[in-house]
Amino acid sequence: MKIAVLGTGYVGLVTAVGLAEFGHSVVGADKVADKIGRIRRGEIPFYEPGLDALLGTALRKGSLSFSDDLPATIRAANVIFVCVGTPQGDDGSADMAQIEEVSRLIAENLNGYKVIVEKSTVPVMTSVWIKRTISLYKKSEAEFDVASNPEFLREGSAVGDFLQPDRIIIGVESERARELMLRIYHRHRDRILVTNIDTAELIKHASNSFLALKISYINLMANLCERTQADVELVAKGMGLDPRIGSRFLKAGIGFGGSCFPKDLKALIKIGEDLGVDMSLLKETDRINQARVRLLLDKLKAALWILRDKTIAVLGLAFKPETDDIREAPSIRIIQALLDEGARIRLYDPKAADNMRELFPEDGVRVVYAASPAAATEGANAALVCTEWPEFLDLDLTDVKGRMANPILIDGRNLYDPAAVQALGFEYFSIGRK
Ligand code: NAD
């Protein structure tokens, strides 16, 4: 079996490396030649713990190679994993241009039976469009199948998630495709759920939207806690002890971001509405999430009144710890709002600072990137915690207090113990607790 992986971003590169680790012969291809050049040299174009070691092993063993020759890669493969981007379009729907482009390319290079596997997150019924596109543009009589195999990896623990998945969803409509897909994942036969293609596609959007719903739900409870004597951390703990609910994704804060939850939620809302389904529940999930950033800024204003010419330290820029990904990170909207208010910002993140520099370049006056979290708080009138990086827990807060102009700490991730921080002399504001 020869596997091609088209698109070598977060998902594609992990998929290529993971499938090689499963013992298959894999070629990863991307239309960005420079990216392929770097990966061939064993360089990972983003931060993902453990991926470089596995990539190095697979390259040395020869089970994995990379190419920027997409047509040749397609022709040589009998299974093609499509891992290109499906970013958010202007109207909230998933922008399927990259999928359509790859489908045409596959059609033009269809030289024998192939299974085209949707690995990217796509709206339900995308396979119908892929099949139509390939049929429209193919130049041979060769047969093909489309399969859906959504990816559930999480950035930051992507390697472990791919190699030891909770479940593998395979959506197929032919026995031939089913057999091939089961062979690819033979190692994890006990974790495979085979469905039809629409079901598999919907499982991915339904899963991400449910997790987003859980986060917005606890954030709604946090709003109630802020107006009462209830403590959202304990509310979440008490709820999570019920195994029907579970404790994960019940963390109140400044809301979810990243390249998946916000866009997948909006894409599901859009496809639901297009199909005539009332999607109000998920619209509220999105609305509650959007409001989180404003809530944090309101806390800041309640502490400092006017933000013009105030210095604000922003600790954590990535949308979550253990990644350098800033796509849809709440920090972006916070930084923009602070700059709009005329504040000066001092930013720190252990991995994501370079990515943020591209959005908000350092000017040495309004925007400064610090080399450490403590340095970011130098002269600050307040510090905002936007990402729960574990290293922030090791911060010497007495030292930080000495550096700050005003010891005001606004913790958007409930990282610290309120009593301990207040005992050090900070004015401390967190989410849904006193
Ligand atoms: P990404 O932007 O990191 O990677 C996409 C890659 O596709 C890029 O390298 C790009 O150059 C390449 N590409 C675009 N058009 C191409 C073409 N025509 N031919 C070849 N290569 C092309 O995106 P990602 O984060 O890897 O996400 C990919 C898909 O997987 C999305 O649908 C996403 O929703 C889904 N997904 C992402 C995650 C995640 O945590 N990032 C998790 C699960 C699912």
Side-chain angles (χ1 to χ4, degrees), residues 4-18 27-39 43-49 51 66-74 77 80-89 93-109 116-123 126 130 133 148-162 165-169 200-201 203-209 211-212 256-268 318-320 322-329 355:
V5 174
L6 305 186
T8 56
Y10 282 90
V11 165
L13 190 50
V14 174
T15 299
V17 168
V27 180
D30 201 287
K31 71 173 185 182
V32 180
D34 176 54
K35 194 178 263 193
I36 291 298
R38 289 178 62 188
I39 298 171
E43 280 175 40
I44 309 278
F46 46 86
Y47 173 70
E48 185 58 48
L51 188 56
F66 290 90
S67 171
D68 55 14
D69 186 344
L70 289 157
T73 307
I74 292 166
I80 301 169
F81 280 76
V82 176
C83 300
V84 298
T86 50
Q88 191 177 311
S93 63
D95 178 346
M96 302 301 283
Q98 295 178 30
I99 299 273
E100 195 266 354
E101 187 183 338
V102 163
S103 303
R104 269 188 287 126
L105 203 62
I106 293 171
E108 285 158 13
N109 293 283
I116 294 103
V117 185
E118 301 168 352
K119 192 61 155 161
S120 303
T121 303
V122 295
T126 292
I130 295 179
T133 305
S148 166
N149 171 220
E151 182 50 54
F152 297 98
L153 65 77
R154 298 158 298 171
E155 289 174 18
S157 55
V159 172
D161 290 344
F162 192 91
D166 301 321
R167 80 285 211 200
I168 294 165
I169 305 296
E201 290 170 339
I203 285 171
K204 174 65 190 179
H205 265 158
S207 301
N208 274 4
S209 297
L211 293 172
F256 55 81
S259 66
C260 291
F261 284 9
K263 92 168 163 69
D264 292 351
L265 181 66
K266 288 196 187 72
L268 184 55
F319 82 94
K320 67 172 187 178
E322 302 304 334
T323 181
D324 62 354
D325 198 345
I326 57 164
R327 289 179 284 184
E328 294 286 321
N355 284 337

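Nothing here was measured: the structure is a model prediction, and the numbers come from that model. Atoms within each ligand, like the ligands themselves, are counted from 1 in listed order.
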Numbered atoms of ligand 1 (with element) below 4.0 Å of [X], judged on heavy atoms:
X      : answer
Leu70  : 19 (N), 20 (C)
Lys204 : 43 (C)
Val32  : 11 (O)
Cys83  : 5 (C), 28 (C)
Val102 : 17 (C), 18 (N), 19 (N)

* **Glu108 with Arg104: basic N within carboxylate O range, under 4.0 Å** =>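 No, this pair does not count.
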* **Presence of salt bridge, Arg327 and Glu155, under 4.0 angstrom** =>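 Yes, Glu155 and Arg327 are salt-bridged.
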* Asked: CD1/Ile326 to CZ/Phe319 distance, rounded to the nearest 0.5 angstrom?
  ->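 Rounded to the nearest 0.5 Å, the CD1-CZ separation comes to 11.5 Å.
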Nearest heavy-atom neighbours spanning [X] and [Y]:
X      : Y      : value
Ser207 : Arg167 : OG-NH2, 3.2 Å
Gly12  : Val5   : O-CG1, 3.4 Å
Ser67  : Val27  : CB-CG1, 4.1 Å
Ser157 : Glu48  : N-OE2, 3.3 Å

Is there a donor-acceptor pair closer than 3.5 Å between any side-chain N or O of [X] and the backbone N or O of [Y]?
X      : Y      : result
Lys204 : Asp264 : no
Ser103 : Ile130 : no
Asn149 : Ile169 : yes

Run the contact test for [X] against ligand 1 with a 4.0 Å cut-off on heavy atoms, strictly below, and give the result.
X      : value
Arg327 : yes
Leu153 : yes
Arg154 : no

* To do: Please say whether Lys35 places an N or O atom under 3.5 Å from an N or O atom belonging to ligand 1.
  =>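 Yes; the residue has a nitrogen or oxygen that sits under 3.5 Å from a nitrogen or oxygen of the ligand.
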* **N/O separation below 3.5 Å, Tyr10 to ligand 1** =>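 Min N/O separation from ligand 1 is below 3.5 Å for Tyr10.
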If you have a sec, work out which protein heavy atom is nearest [atom] and how many Å separate them, to one decimal?
atom                    : answer
atom 39 (C) of ligand 1 : Glu155 OE2, 3.4 Å
atom 30 (O) of ligand 1 : Val11 CG2, 3.5 Å
atom 22 (C) of ligand 1 : Val84 CG1, 3.5 Å
atom 33 (C) of ligand 1 : Lys263 NZ, 3.8 Å
atom 21 (N) of ligand 1 : Lys31 N, 3.4 Å
atom 14 (C) of ligand 1 : Gln98 OE1, 3.0 Å
atom 12 (C) of ligand 1 : Asp30 OD2, 3.2 Å
atom 32 (O) of ligand 1 : Thr86 OG1, 2.5 Å

* To do: Please lay out, stage by stage, how Leu265 and Asn208 fare under the test side-chain contact (heavy atoms from CB on, under 4.5 Å).
  => CA-CA 7 Å; Leu265 181 66; Asn208 274 4; over 6 Å; no
* **Option set Ala29, Ser120, Gly85, criterion heavy-atom distance to atom 5 (C) of ligand 1, minimum** =>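 Among Ala29, Ser120, Gly85, the closest heavy atom to atom 5 (C) of ligand 1 comes from Gly85.
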* Identify which of Asn208, Thr121, Ile74 has a heavy atom lying nearest to atom 44 (C) of ligand 1. =>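 That would be Thr121.
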* side chain to side chain contact (heavy atoms under 4.5 Å, CB included) with Lys31: which of Leu70, Ile36, Leu6? ->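 Testing Lys31 for a side chain to side chain contact (heavy atoms under 4.5 Å, CB included) against Leu70, Ile36, Leu6 leaves exactly one candidate, Leu70.
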* Under the criterion side chain to side chain contact (heavy atoms under 4.5 Å, CB included), which of Asp30, Thr8, Leu13, Thr15 is the partner of Cys83? ->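 In the set Asp30, Thr8, Leu13, Thr15, the residue that makes a side chain to side chain contact (heavy atoms under 4.5 Å, CB included) with Cys83 is Thr15.
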* **Proximity to ligand 1 by part of Leu105, non-hydrogen separation under 4.0 Å** =>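 Answer for Leu105: neither.
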